[in-house]
Structure formats: structure tokens, C-alpha cells
Amino acid sequence: MEIDFKLIEEKWQKRWEAKRVFEAKENSKIPNYYVLEMFPYPSGSGLHMGHAWNYTIGDILARFKLMNGFNVLHPMGYDSLGLPAENAAIEAGTHPADYNKKSITNYIKQQKALGLTYDWSRMISTDNPEFYKWDQWIFLKMLEKGLAYQKESAVNWCPKCNTVLANEQVVDGKCWRHDGTNIETKHLNQWFFKITNYADELYEGIKNLDWPERTKTMQKYWIGKSYGTEIDFEVGGEKWPVFTTRPDTIFGVTFVVVSAQHKKLWDLVKDKQKKEVEKFLKTVKSVSEKEMAEMEKEGVFTGSYAINPVNGEKVPIYVGNFVVADYGSGMVMAVPAHDKRDFAFAKKYGVPIKVVIDPKDFEIDSKKITEAYVEGGTLINSGEFDGLENDEAKKKITKFLEKKSLGREVINFRLRDWGISRQRYWGTPIPIIHCGDCGAVPVPEKDLPIELPKKVKFGKGNPLLTNAEWLNVPCPKCGKNAKREADTMDTFVNSSWYFMRYCDSKNKKAIFSKDKISKWCPVDSYVGGAEHACMHLIYSRFYTKFLRDLGLVEFDEPFKKVFHQGMLHAEDGSKMSKSKGNVVLPEVVSGKYGIDTARFFLSSLASPDKDIDWNEKGIIGSKRFIAKIFDFYDENMNGAARRTHKALNSGSYSEKLEAKLNNVIKNVTGYYDNFKYRKATIELRELFDLMHLEKKVSKKAFEDFLKLLNPICPHITEELWEKLGNKKFISNSSWPKYNEKKLKILNKEIDVNSKVIENVFETIKRVEEKGKKISKVYLYVLPFEISKYQIPKLKKALGKEIILYSVKDDEKHDPENKSKKARPGMPGIYFE
RNA sequence: GCGGAUGUGCCGGAGUGGUCAAACGGGACAGACUCAAGAUCUGUUGGCUUAUGCCUACGAAGGUUCAAAUCCUUUCAUCCGCACCA
């Protein structure tokens, strides 16, 4: 039968919307569930099947939860501020605001056609001043709490984006949006958020998250907590601290290296070394960050010496290209015998090497050492600490230094503060006014939002600087002429808390009400790309903790569970892209096969966290399945067919089908709950095949099947549900329950003896037909089954001598190794 | 270099000690229906020319076990992330 998918889809989408089936209920007492997919940046080219699949993954869960009696919040919105919109608009010769409006309208239309369960009444878009007003409000709060600050610093500059980027947005020394563009270093006055204040909590919280392991590992690495010791080296009467995780090797220090970008570098450089250092710094500056990482370790002597606090030794200080300026103190103690980098450096410049850790299994010698020994061992050449295991020595040496006020135990993090200033137009304006007298003055809360002026000139530099009317304002403090901060905030500030705004998206008085936020948040299941592991997913955690400390929310983590969907590739396995012309559009798919068919097909291809390829042939198989369901309804379930079957149909269904149905309900329920959609489709197919085979199936069983299928194929199941005479929505019906007692009938236990008799009898017959005489039958059975076997019974039935062995019996007679063949319920058999 | 993941039939992919030559789907082949194509249905789809049998197989090589795709060791390959954080 030909199914008119389009007709069915539109019919149900209209009805769902009219009856507001998917709007979350504010005053309901049933338990809440918050499902969220990462909101998109609305691109002009609309969504393709890959995006559609992403939303479908969340949608299936939302539908499943709804039928399981939850009050589901499943909202959608648009991340409409940011560079892509600005660039796309410039390219199209329109204003970003207009460009966005058009894109969003198109997105909503497309998403509605997918039958997604969004509660559109809560929709947000970040370019709405009613939204970004609260970005600014948060900024003011950060400022108030000392978490927002300005500093002149070396920042990552993308020449293509024409703006600064956060560390998280630099990938391999290149821009995260332009992978062919090297990041340059610029020194600018920038605003930062002190995310590092939360470094420890962000780090320690990771282990309790129900997130993909790889994402947690990545965050852990990104935050990078390390325990170590800060040791003061004396240089010219002043204390210069260095950070090390290996205080046990302190006696092996033969030089010290300071970063080429160190703020106080010139304090160390002696006059006669000046020229050489200057020359060296030039070579360092001329290379990009990426090349730097691959460069050989190089450096020059500064002319200064540092005094090792444990033994008073004077060691030379070098300036080196491999020391990170803003980690630790930007200066390191070098122990060439026990660190790879220090070893390479020492070899290159002929610095002495001193072994202080003695490996247990072999010997190394300071003179003949060919590579750094970085493992543990026993301390040698370390004065009073000789003979200690190095782990023990770490503690003892740190204690020793602490006592003498020469060092202390410290924890260091890799995480840096988040630079949020962007020299671009289409972002949240930073609510600051720069006054010649008062400095950076925060805009009073009552003046928020500071809206982006529509009139600006795009071209060179920051467009906001081109609107004098907007830019020049009186200082809120003294009233003198002043200028607005013209930088805007990083687009990630918007996504850091947008999921909270859905809970109370129309609130004009506050960012959200406390009641509403605690009703819905944290998000129960969050679906989105893995590429956000170290950006959005860290920033959101930071924001959540900050808002908690403001007393606005009561939870510590924004997302209980995170799920990363796989990418949907084009048929040839390559990425879908407009330029390649391989984009699969949901409208087209929907017209050809129906959107439910596509949902079923994509669900059945692979686990949703895996990358999959679109396959035009494969989807036909799913269409066949759906057509079969309709045919089955026509042949067996419609009014006429049911009347004919009535007599046969009265007792519901066969025992086998009943057991299968109960099993499938049980399993599929678990599958939906854990994003194992593929397995759900498999069991649903099996169940349907059995129904198809038996034909005479009760209405209830068929309805249960439809319910189980509904999250994946919502439109067609609604349609059939209605055809069966149901008046309410299947989407609102309750999830089928299974009966524990009916589960096991499928694998009924059969008496081993009779099964064995049957089998062995057949085999004996065949063998004897060939002229072989059999007198003895050896059976090798599993140890835990041996008690089930009854020798007299077997003997009587088979008329042969029976010798029974446990498969583990060392003494058994088994010339052909038949004991290996033993399985549960069936022994290994050997005849004589 | 470090960290994480993966490796199963023609393909996508289940299976994590026993009833596994391996679910489910796709593809292919054969047959039924049809004038024909499509759709649908049935069967086959590692090898061995009779099989409730034997052999070969779950990246490769060893090992543990009565029994291994599943556990252990080593190794190779692919993918992803980080990249001098002392």
C-alpha cells in the first residue's frame, strides 16, 4: 500500500500544536524531566538531515519520557549572536539582525516539519536584547564579585576573524573556525572571567558526572590539576619561586630556565648578555605557537645565577623557548638527568648532568647517561635524603623546605582565565563605560540592556567604533564625556546559561525565578556535539557554579547526563557540505520516504553516538518495514478483519507472542532510556515479525507495539492508533507494562534427559546404519549439570551402557576430546 | 610523545566465558507471483559434493579454561583528543 506520509505528518503536527501536547506544564505535580539538544546557530542555509538527526535523538527520549509519565521540558532556541552571523550577513550584504530573523524563521519551519516535540512557547534567541540583557547583568555580578577584570596581556588573535580568541578556541595553534589560519599573539587590554577561581571544583566535580568518558578525560586534562612544590631560588638577594612536581630531584638541578615571555626577564639579564638575549627573543617571536611546539629546545644564558636552596649550589639561569610563561611562575628548575626536556637542553649547551635517582633494575651514570631517566627509584647524591624512595623523598624534601620557609606545597592548574573580549559587532556589548577620570565604570543595572546600535559600518576594525552616538556617553559616575567599551563578549557567554533561561524565558524582572529554575534544572539529558568538551561544557559548569554562589540556583552542575551524537555523513562517507553538493535535506527525505521512515532508518543504522553514512538504499528497507505495519493493520487489525478473527482472537495471543511482547517491553524500555535506539528497532522488528507470522493478534498487543514504536515513528503510530478507534493521542498514552511472570516462557527448561535421549538415539541410529557397532555411550557433561543426569533412565531408553563423566574429570576416558563439545543442556558424546 | 576509543561475515553492526558459523538490517543469488518491471512472499548466502558431522573463522601471535569473539599477555592497524604545564 502506498502511504501518504506528507498528509499524515501534517495532520498530526497540526493537531499536536493545536492541543499543545508538548508544552511543559508549570503547575503539574508529576515528576519533571528536562531534555535538551544544544541550540544551533541559525545559518542561512538551513538544516540538513544531519542536524535533523541530532534533534531526533533528543526527541525520541522526550517522547519516551512523556509516555512514561514525566512532565517533559524540551525547548529550542537559537544561538544567534556571534561571528558566523556577522560574517554571513556582511557577505550577503544585509544586517546581521535581518539575516538572523530570516534564518530563524526558516529553522523553525523546518524543525516543525520534523515533528519535534519542542515547547515553542519558551523559544529564545540570544540576539534579543531581552536575552543578552542578562549576559550583561551577569557580567556586572562577576565584576562585583571580583571575577571579571581587565588586563593587558598577550592574547590569541585570529587575523581572519579579526578578533581575539579564548585559549579554548585555539586548536593546534590555529583558529577553531579557520583551520588554515595561524593564531598570532597580540598584546591588548582585555576583559577576563576568573574561571580559575573554580578550577579545583571544576576538576573535582568531573568524576561524579554521568558524561561520556572521553569528554570527562578531556576536561580533566584541560583543567590539569597537578600537585607539586614551589621552591624559592635566590637570585641576587631576591627570591624567585619555581614550580616542580619533582622536588625529589632538587639535588640534581644543574640550571634554571626562565620563559622568554617572563614579565621580569630583564631583571635577570646581565649587560654583557643583553645583545645575545635580544637576538634570541627575536627568533622566538617570529615563530607561531604551533611551530614553537615542534621547535628544538633552545635558549641563551642570562648572565645570572640562582642559588639552590637545599645545597647552596650556584647554577646558571637560561632564557628558554620551551618554558610556558603563565604556568607556575614562568621559571623552572632543570634536572637534566630526570627530565626529557632538560636533558635535551643540557646536551645541546653542554650543561652538566647529575644523577640523583637510582633505578632499581639497572645503573646509570652521570657521565654516560644517554637519555633522561624519568621513573622512580632511590635517592642518591642528595645529602641527608640519600637512600629514600623518591615518593617518600618528595614529601620529606617539601617538609624540609617548608620548615626553612624556602618552599611550600602547592597545586597548579593548566586552566587559564577566560578572555571574553571580542573586537566584533555581533555580540553582547560589555556594560562598561571608560571615563578619563573614573576609569572603567560599570553601567548601572537600571540602564540595562545596552542594545547594539543598528547603524554601524562594517569594514576595518570594530564596527561599534563607527557609531559615535552610541559610543560617546556621559560617565555614570561623574557625568563627564566618556566612551563605551566597544568590545563585545565572546559568543560562549550566551550558551553558558541559555538552558536556564528556558525555564522562565519571558521573565522581564529577573534572569529567571528561583522557583522555576529549581523546578526544571539541572538538565537531565543533554544532547550535542563532542567538540564542545572543552568550551561550552566547561563554561556552562563555571557559570552554574557562579550563579549558585550568587544564590540564584541550588545545583552545582548544569547537565546531569551528556550524550554526544555521531555525525551523519553523506552517502560517500564524507562530511555533508553545501560546497560538495552532497547535502541530504529533510524536506526531500520526508517527501520521498516520510520523516518517520528516516527516523527509523537512522535509529536502526548504528548507536546514535557513532558516525553514520546516509544510504539511499538502506532507507528503502525501513520504508518496507513501515509499509508492512500498515498492511498488517489492513489485513488483520481493521474492523472487518477483526470481526472475522473474532473467535480466534478472543484469547489475546499465543503464549510465545505473549512472552515475546513482555520481553520486548522490558528490553526496549531500557534501551530508550540509554540512547540504545538501534537495539530498540531490532527488538521491535522481531516482535513485529512474530505478530506478522501469527496474524491473529489482539488489539491490545498491536497497540502496545505501536506505543513502543511511537518515540521513533510518532506520526504513523498516531495515525494507526486513531484508525484503531482511539480518541486521544498515542503520544499522551501511557507506556506499556510487562508482566515479570511472562518473561521466561520463551526459554522454558526442558528435561535434559529426554533431550539427550532424543539426540543420542538419532545419532546412534545413523552411526549403526553405516555398519558400526555401538555398545558404550560416553557422556561428558558440565560440572554444574551432572546431578540432572539420570543414568538408569538413559540406559533404559538407549539400550547401551552409559558412562557419565564430568567434563573436568581428569581420569575420564575421552580419546577424541569430545568433552570439549559439552554445552549447557547437551553433553559431549563419544561412542565405542 | 601522552591519553582515550575501536578492530567481528560482501557491507553496516549485535554479541563481553557455554545452546555461536555469530542476532538485526542492507546487499547478492535462487525461486513464487507477474506479459514484464517494481512491490510482495519463500529460500540460500565461510568451506567440505549425503552430515543433530568435520574443518576454518571474530585484526595478529601466545596463554588461562572441560569450554574463548568474550578473560590475560604481547603485537599490529585505524580513529579521536592533547601537544614542551616542569
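So you know, we letter chains A, B, ... as the sequences are listed, proteins then strands, and number each from 1. Computed from a prediction, not measured in an experiment: that's the story for all the values here.
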Between [atom2] of [N] and [atom1] of [X], the distance in whole Å:
{"X": "A/F345", "N": "B/rC84", "atom1": "CZ", "atom2": "P", "result": "17 Å"}
{"X": "A/M826", "N": "B/rG53", "atom1": "CE", "atom2": "C1'", "result": "15 Å"}
{"X": "A/E635", "N": "B/rU40", "atom1": "CD", "atom2": "P", "result": "13 Å"}
{"X": "A/I250", "N": "B/rA86", "atom1": "CD1", "atom2": "P", "result": "16 Å"}
{"X": "A/F632", "N": "B/rU40", "atom1": "CZ", "atom2": "P", "result": "17 Å"}
{"X": "A/E616", "N": "B/rG25", "atom1": "CD", "atom2": "P", "result": "21 Å"}
{"X": "A/E571", "N": "B/rG12", "atom1": "CD", "atom2": "P", "result": "14 Å"}
{"X": "A/I626", "N": "B/rU40", "atom1": "CD1", "atom2": "C1'", "result": "17 Å"}

Taking the inter-plane angle between the rings of [X] and [Y] on a 0 to 90° scale, is it parallel (under 30°), tilted (30 to 60°) or perpendicular (over 60°)?
{"X": "A/Y318", "Y": "A/F345", "result": "perpendicular"}
{"X": "A/Y677", "Y": "A/Y672", "result": "tilted"}
{"X": "A/F688", "Y": "A/F632", "result": "perpendicular"}

Under the salt bridge (Lys or Arg N to Asp or Glu O under 4.0 Å) test, residues paired with A/E686 that sit two or more places apart =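 Residues passing salt bridge (Lys or Arg N to Asp or Glu O under 4.0 Å) with A/E686: A/K660.
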
Residue pairs passing the salt bridge (charged side-chain N to carboxylate O under 4.0 Å, His left out) test where at least one lies in residues 213-232 of chain A, sequence neighbours excluded =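 Only A/D200-A/K225, A/E204-A/K225, A/E230-A/R408, A/D232-A/R408 qualify under salt bridge (charged side-chain N to carboxylate O under 4.0 Å, His left out).
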
If you look only at pairs with a residue in residues 239-248 of chain A, which of them pass as a salt bridge (charged side-chain N to carboxylate O under 4.0 Å, His left out), with sequence neighbours excluded?
->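 Checked against salt bridge (charged side-chain N to carboxylate O under 4.0 Å, His left out) - neighbours excluded - the pairs reaching residues 239-248 of chain A are A/R246-A/D248.
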
Would you list the protein and nucleotides 13-15 of chain B atom pairs, both N or O, that sit under 3.5 Å from each other?
{"unit_1": "B/rG13", "atom_1": "O2'", "unit_2": "A/R678", "atom_2": "NE", "d": "2.9"}
{"unit_1": "B/rG13", "atom_1": "O2'", "unit_2": "A/R678", "atom_2": "NH2", "d": "2.4"}
{"unit_1": "B/rA14", "atom_1": "OP1", "unit_2": "A/K610", "atom_2": "NZ", "d": "3.3"}
{"unit_1": "B/rG15", "atom_1": "OP1", "unit_2": "A/K679", "atom_2": "NZ", "d": "2.7"}

Taking [M] as the reference, what is the distance to [N] when you measure between their [atom1] atoms (whole Å, please)?
{"N": "B/rG81", "M": "B/rA86", "atom1": "C1'", "answer": "22 Å"}
{"N": "B/rA68", "M": "B/rG18", "atom1": "C1'", "answer": "10 Å"}
{"N": "B/rA60", "M": "B/rG53", "atom1": "P", "answer": "26 Å"}
{"N": "B/rU56", "M": "B/rC48", "atom1": "C1'", "answer": "10 Å"}
{"N": "B/rA69", "M": "B/rG15", "atom1": "C1'", "answer": "8 Å"}
{"N": "B/rU70", "M": "B/rU8", "atom1": "C1'", "answer": "12 Å"}
{"N": "B/rU65", "M": "B/rG26", "atom1": "C1'", "answer": "38 Å"}
{"N": "B/rG25", "M": "B/rG59", "atom1": "P", "answer": "24 Å"}

Just checking [X]: base, sugar-phosphate only, or nothing, at a heavy-atom cut-off of under 4.0 Å?
{"X": "A/R414", "answer": "base"}
{"X": "A/T245", "answer": "sugar-phosphate"}
{"X": "A/E686", "answer": "sugar-phosphate"}
{"X": "A/G328", "answer": "nothing"}
{"X": "A/K623", "answer": "nothing"}

Using a cut-off of strictly less than 4.0 Å, decide whether A/R624 has a side-chain nitrogen or oxygen near OP1 or OP2 of B/rU40.
->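 So the side-chain polar atoms of A/R624 do come within 4.0 Å of the phosphate oxygens OP1 or OP2 of B/rU40, strictly under.
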
For residues A/W222 and A/Y203, establish whether the separation of their ring centroids is below 6.0 Å.
->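 Ring-ring flag for A/W222/A/Y203: false, centres at least 6.0 Å apart.
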
With a cut-off of 6.0 Å (strictly less than), are more than 12 heavy atoms of other residues, nucleotides or ligands near CD of A/E371?
-> no

Has A/K812 got more than 12 heavy atoms of other residues, nucleotides or ligands less than 6.0 Å from its NZ?
->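 Buried by this count: over 12 neighbours within 6.0 Å.
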
A/Y593: what forms a ring-ring contact (aromatic ring centres under 6.0 Å, His included) with it, not counting sequence neighbours?
-> none

With sequence neighbours excluded, what pairs up with A/H532 under the ring-ring contact (aromatic ring centres under 6.0 Å, His included) test?
-> A/H536

Does A/T597 have any side-chain hydrogen bond (donor to acceptor under 3.5 Å, both in side chains) partners at least two apart in sequence or in another chain, and if so, which?
-> none

Close approaches to RNA chain B from residues 331-343 of chain A, in residue order (heavy atom, under 4.0 Å) =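 The stretch gives A/V332, A/R341 as the residues lying under 4.0 Å from the strand, ordered by number.
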
Proximity to RNA chain B (any heavy atom under 4.0 Å), residues of residues 219-231 of chain A only =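 Output list: A/Y221, A/W222, A/S226.
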
Do [X] and [Y] have side-chain N/O donor and acceptor atoms under 3.5 Å apart?
{"X": "A/N412", "Y": "A/S226", "answer": "no"}
{"X": "A/S574", "Y": "A/H569", "answer": "no"}
{"X": "A/Y227", "Y": "A/E409", "answer": "no"}

Kindly indicate whether the side chain of A/R416 and the base of B/rC85 share any N or O donor-acceptor pair separated by less than 3.5 Å?
->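 In this structure, the two groups form a donor-acceptor pair.
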
From CA spacing to verdict: side-chain contact (heavy atoms from CB on, under 4.5 Å), A/Y805, A/L779 | CA-CA 6 Å; A/Y805 286 116; A/L779 298 176; over 6 Å; no

Can you tabulate the close N/O pairs, meaning under 3.5 Å, that link protein atoms to atoms of nucleotides 64-69 of chain B?
{"unit_1": "B/rC66", "atom_1": "O4'", "unit_2": "A/V807", "atom_2": "O", "d": "3.1"}

Should stems be defined as at least three consecutive Watson-Crick or G-U pairs with both distances under 3.5 angstrom, which of them involve RNA chain B?
-> B:1-7 with B:76-82, B:10-12 with B:24-26, B:27-32 with B:40-45, B:46-48 with B:53-55, B:59-63 with B:71-75

Start at the 5' end of RNA chain B and walk down; is the nucleotide closest to A/K818 or to A/K628 reached first?
->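 Nearest-nucleotide comparison on RNA chain B picks A/K628.
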
Short side-chain to backbone donor-acceptor contact, A/D611 and A/M567, under 3.5 Å | yes

A/I786: side-chain contact (heavy atoms from CB on, under 4.5 Å) partners, not counting sequence neighbours | A/V781, A/L804, A/S806

